[in-house]
Amino acid sequence: MRTFLAFKLNDNIHEKQQLNNITNLKDYYEETYLNYTLSSDYQFHKNLGAFILDDEASILDFPSTIERETINILTFFPPLNYKDFSVNKETAMLSISQALLKDKLILNDLTAPLLFSIIDKENDELNIYMDILGITRLYVLENEKGIFWSNRPSALHIFSGHKAKMDLNSWKSYAVAGWFMDEDSPFQNVYRVPLSTVISVKADNKGNQKYQMESTGGIKNLINTSINQIENPKVLVTSILENLNNYIDLWNADIKVDISGGKDSRVSAASVLNSKAVNYSFRTINDIDEELNISRELLSKVQNNSRIELLDPELYIKEQPDLIERVDRLLFEYDGDFSTVMISSPIIETNDFNTLDSIKINGFGGEVGKGAYYSNERWIKKLELMGEDAAYYRLATHFVKIGCVPLESINIMKKKLESILEEGRKLNIKGLKLLDYFHFMERFRRWTPLSGQIHCYSPFINNRFIASALTNEPTENMKANMHNQIITALVPEWEGIKFFKATPEQSKEKDHKKLRLWQTKDKKDIEKILRNPILWNDVFLEEEVLDLWEKAIREGIPNFKETLFHRVAMRAKFNSHLERINKAIDSNYSKL
């Protein structure tokens with residue numbers, strides 16, 4: 001539940017009041033769901049401030065605060081290559097901060113995830129730094145009291161006392177795409193801070209000085225570097241292992257590694273097997289026999305005796321909280337900025353509701369290097385015939401397949417597509433490569449668990465991998481050449497073991513095992529929500545949603561359409577989430 005918040009107030013800071021605001025925020029988090037106590041590290045200077053809330057028994061082994069005579073540093077999460085500056089964690093952040101204050105472009109040399117702030121007391125300035133891959137979340141809210149930044153929108157509202165309201169247009173786009181695109185958030189006047197950003201704001205008492213949000217051009221730099229040099233697979237592998245080992249060093253915890261028959265998790269498993277990790281185990285979803293057998297074969301080839309934790313989806317569904325409770329908890333943790341395609345996956349836990357006892361290594365993000373939106377030769381040929389309109393056509397048609405949304409919402413989503421792709425064109429990315437750029441900017445950057453839980457890590461959070469994925473020819477990504485090279489270099493024994501790809505018959509095993517929404521105990525909760533359409537029919541077409549549900553019960557529907565009902569549930573329950581936030585604000589003011 002690690003939470004970062006920084007601010008610049010329009011008036012002079014009253015330390016007692018700000019400490020009270022921090023306490024109010026702690027109370028909200030602890031009293032809503034947490035069964036542990038939050039600690040707080042805070043720094044104030046004039047009308048600038050920053051603080052971090054975290055579990056008092058946090059297993060993250062890195063200092064949150066450094067305070068010197070002229071500089072205060074607050075680290076939410078450090079760059080994994082901090083050892084390039086100093087092996088001493090505290091000295092490293094001091095050296096990094098001093099270098100950045102002299103040259104912002106140093107940010108381009110730092111690895112993701114990353115989020116930290118510097119209060120430069122000598123120059124009366126607050127600086128906040130976001131990694132160049134945009135993995136760490138950061139939102140901004142500006143109101144009559146000042147400017148506030150946090151990785152949690154709820155924190156922005158509760159700390160500043162600004163009533164929370166939903167952003168209707170953002171939710172309309174969400175209803176179509178399944179996540180909040182571009183720099184949208186679920187809340188009015190709250191926006192995501194773009195990747196590769198340095199935020200600077202001066203202390204003053206006038207209340208009219210705006211902050212600076214400057215891009216260091218990190219992605220452009222990565223792309224240009226990749227274009228101008230031939231990437232050596234060994235260099236990429238070395239970089240992946242260095243980052244992973246440095247990540248492991250940050251935690252006093254055991255490691256759980258996802259493994260399956262696919263390419264992405266095979267890279268993550270191979271990376272851990274070649275890392276300094278000692279106390280680790282593997283886990284896989286036991287839903288298709290052939291895929292489980294491949295996972296076992298992979299480990300037997302390296303004579304690995306680590307046990308495989310079998311996640312039985314049928315047992316998981318029986319034991320997991322009811323749908324409404326799960327959605328409420330996800331709203332609490334992610335404030336609605338969560339891709340609902342993951343809502344029923346056994347791989348995604350709400351671990352932040354308990355003291356963490358392990359970190360997770362998975363293969364999320366690997367699809368950026370696999371040409372997910374042009375996954376075979378047929379697609380490549382079809383799209384290449386369309387010229388520069390190919391990427392827009394592919395995405396625009398992809399996101400409207402589920403339906404159940406008005407034309408207005410589709411048009412809002414399409415404008416966001418155009419805006420995102422145009423930013424790619426400005427980087428000189430063309431043709432089908434715009435699809436890889438979109439995948440990186442949206443799914444890699446915004447989907448959980450990469451950006452929502454810092455105790456989850458993937459080898460694909462790597463500058464070199466992303467640079468190559470964005471510059472490789474489409475056929476290279478379609479064939480997953482980088483994945484194959486990494487796996488062969490790390491575990492040559494796995495060469496020749498086929499990757500699992502489910503057949504249409506195997507994909508239907510969810511139906512046979514009664515794992516679909518309308519076949520499980522979640523049916524009761526979703527029908528309760530569907531019977532109260534006033535909670536969700538502002539962004540969905542009520543009649544079409546209800547017709548689709550009846551069809552699902554009667555004859556079943558394709559897997560990809562099932563997530564529509566998760567989106568409906570998230571929208572419906574967001575109303576009560578807003579009420580909880582605003583109730584906390586009202587309660588805080590009643591104490592004054």
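Across Leu126, Val140, Leu9, a single residue satisfies side-chain contact (heavy atoms from CB on, under 4.5 Å) together with Ile147, and that is Val140. With Phe116 as the partner, the side-chain contact (heavy atoms from CB on, under 4.5 Å) test is satisfied by one option alone out of Leu100, Leu74, Ile128: Leu100. Partner of His439 under the ring pair (Phe, Tyr, Trp, His ring centres under 6.0 Å) criterion, chosen from Tyr373, Trp447, Phe460: Tyr373.
For Thr238 and Arg464, the side-chain atoms include no donor-acceptor pair closer than 3.5 Å. For the residue pair Ser200 and Asn127, a side-chain donor N or O sits within less than 3.5 Å of a side-chain acceptor on the partner. Checked by atom type, the side-chain pair Asp54/Ser39 shows no donor-acceptor distance below 3.5 Å. Using modelled atom types and a 3.5 Å distance limit, the side chains of Asn246 and Glu242 yield no donor-acceptor pair. Residues Asn21 and Gln18 bring a donor and an acceptor atom of their side chains to less than 3.5 Å of each other. With hydrogens and angles left out, the side-chain atoms of His45 and Asp124 include a donor and acceptor closer than 3.5 Å. The closest side-chain donor-acceptor pair between Asn221 and Asn108, if any, does not fall under 3.5 angstrom. Judged by distance alone, the side chains of Ser86 and Ser95 never bring a donor and an acceptor atom under 3.5 Å apart.
More than 12 heavy atoms of other residues, nucleotides or ligands shown are found within 6.0 angstrom of CD on Glu422. Environment of OH in Tyr42: sparse, with no more than 12 heavy atoms of neighbouring residues, nucleotides or ligands closer than 6.0 Å. The 12-atom threshold is not exceeded at CD of Glu69, counting heavy atoms of other residues, nucleotides or ligands nearer than 6.0 Å.
Identified under the ring pair (Phe, Tyr, Trp, His ring centres under 6.0 Å) test for residues 134-155, with sequence neighbours left out: Trp149-Tyr211. Applying the ring pair (Phe, Tyr, Trp, His ring centres under 6.0 Å) test to residues at least two apart or on different chains, the pairs with a partner in residues 64-107 are Phe62-Tyr82.
Asn151 contributes a side-chain N or O that, together with a main-chain N or O of Arg2, makes up a donor-acceptor pair within less than 3.5 Å. Between the side chain of Lys104 and the backbone N or O of Glu214 there is no donor-acceptor pair closer than 3.5 Å. Of the possible polar contacts, none joining the Ser468 side chain to the Phe465 backbone as a donor-acceptor pair under 3.5 Å is found. A donor-acceptor contact shorter than 3.5 Å links the side chain of Asp131 to the backbone of Ile135. At least one donor-acceptor pair under 3.5 Å links the side chain of Ser458 to the backbone N or O of Phe364.
Salt-bridge check for Arg192 with Asp184: failed, with every basic side-chain N at 4.0 Å or more from each acidic carboxylate O. Using a 4.0 Å cut-off between charged nitrogen and carboxylate oxygen, Lys145 and Asp11 do not count as a salt-bridge pair. Between Asp182 and Lys416 no salt bridge is recorded (no basic side-chain N to carboxylate O distance below 4.0 Å). By the 4.0 Å N-to-carboxylate-O rule, Asp586 lies too far from Lys583 to be salt-bridged with it. Look at Arg446 and Asp337 and you find a salt bridge, because one of the NZ, NE, NH1 or NH2 atoms lies within 4.0 Å of a carboxylate O, short of that distance. Using a 4.0 Å cut-off between charged nitrogen and carboxylate oxygen, Lys276 and Asp249 count as a salt-bridge pair. Taking the charged nitrogens against the carboxylate oxygens, Lys8 and Glu142 have no contact shorter than 4.0 Å, which rules out a salt bridge. Salt bridge absent: Glu333 and Arg137 never bring a charged side-chain N and a carboxylate O closer than 4.0 Å.
The two atoms that bring Ile581 and Ala164 nearest to each other are CG2-CB, 4.0 Å, heavy atoms only. Among all heavy-atom pairs drawn from Phe180 and Glu442, the shortest one is O-OE1, 4.3 Å. When every heavy atom of Ile585 is checked against every heavy atom of Gly161, the shortest pair comes out as CG2-O, 3.8 Å. Annotation for Leu5 and Ala155: closest pair CD1-O, 3.5 Å, computed over non-hydrogen atoms. What you find for Ser215 and Gly217 is that their closest heavy atoms are OG-N, 3.0 Å. Closest approach of Met93 to Pro79, counting heavy atoms only: SD-CD, 4.0 Å.
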Test side-chain contact (heavy atoms from CB on, under 4.5 Å) on Asn169 and Asp167; report intermediate values, then the result. CA-CA 6 Å; Asn169 277 358; Asp167 188 296; 3.9 Å; yes
Could you walk me through whether Lys415 and Glu418 pass salt bridge (Lys or Arg N to Asp or Glu O under 4.0 Å), step by step? CA-CA 5 Å; Lys415 286 181 180 178; Glu418 290 172 345; over 6 Å; no
Before giving the answer on salt bridge (Lys or Arg N to Asp or Glu O under 4.0 Å), spell out for Lys89 and Asp61 the whole-Å C-alpha distance, their side-chain angles and the decisive distance to 0.1 Å. CA-CA 9 Å; Lys89 295 171 182 176; Asp61 185 20; 3.2 Å; yes
Start with the C-alpha gap between Asn123 and Asp120, add the side-chain angles, then the distance that decides, and say whether side chain to side chain donor-acceptor pair (under 3.5 Å) holds. CA-CA 6 Å; Asn123 292 303; Asp120 181 357; 2.7 Å; yes
Residues Val198, Thr216; criterion side-chain contact (heavy atoms from CB on, under 4.5 Å); working and verdict: CA-CA 7 Å; Val198 177; Thr216 62; 3.8 Å; yes
Criterion side-chain contact (heavy atoms from CB on, under 4.5 Å) on Ile454 and Trp251, from CA distance to verdict: CA-CA 11 Å; Ile454 59 172; Trp251 299 92; 4.1 Å; yes
Before giving the answer on side-chain contact (heavy atoms from CB on, under 4.5 Å), spell out for Ser40 and Ile52 the whole-Å C-alpha distance, their side-chain angles and the decisive distance to 0.1 Å. CA-CA 6 Å; Ser40 61; Ile52 287 176; over 6 Å; no
Candidate pair Asp258 and Ser265, rule side chain to side chain donor-acceptor pair (under 3.5 Å), full reasoning: CA-CA 6 Å; Asp258 293 340; Ser265 70; over 6 Å; no
Let me see the working for Asp328 and His577 under side chain to side chain donor-acceptor pair (under 3.5 Å), right down to the final yes or no. CA-CA 7 Å; Asp328 280 341; His577 182 57; over 6 Å; no
Decide yes or no on salt bridge (Lys or Arg N to Asp or Glu O under 4.0 Å) for Arg152 and Asp335, but give the supporting numbers first. CA-CA 7 Å; Arg152 300 185 190 279; Asp335 287 310; 5.8 Å; no
Worked check of side chain to side chain donor-acceptor pair (under 3.5 Å) between Asn47 and Asn12: CA-CA 5 Å; Asn47 59 343; Asn12 281 329; 5.7 Å; no
Can you list the steps and then say if Lys26 with Glu31 is a salt bridge (Lys or Arg N to Asp or Glu O under 4.0 Å)? CA-CA 8 Å; Lys26 280 181 59 181; Glu31 293 171 8; over 6 Å; no
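Taking the six-membered ring for Trp, Tyr29 and Phe332 have ring centres closer than 6.0 Å. Taking the six-membered ring where the residue is Trp, the centroids of Phe574 and Phe187 are separated by under 6.0 Å.
Between Phe338 and Tyr334, the two ring planes are tilted [angle within 30° to 60°].
Side-chain atoms of Ile73 and Arg68, non-hydrogen and from C-beta on, never get closer than 4.5 Å to each other.
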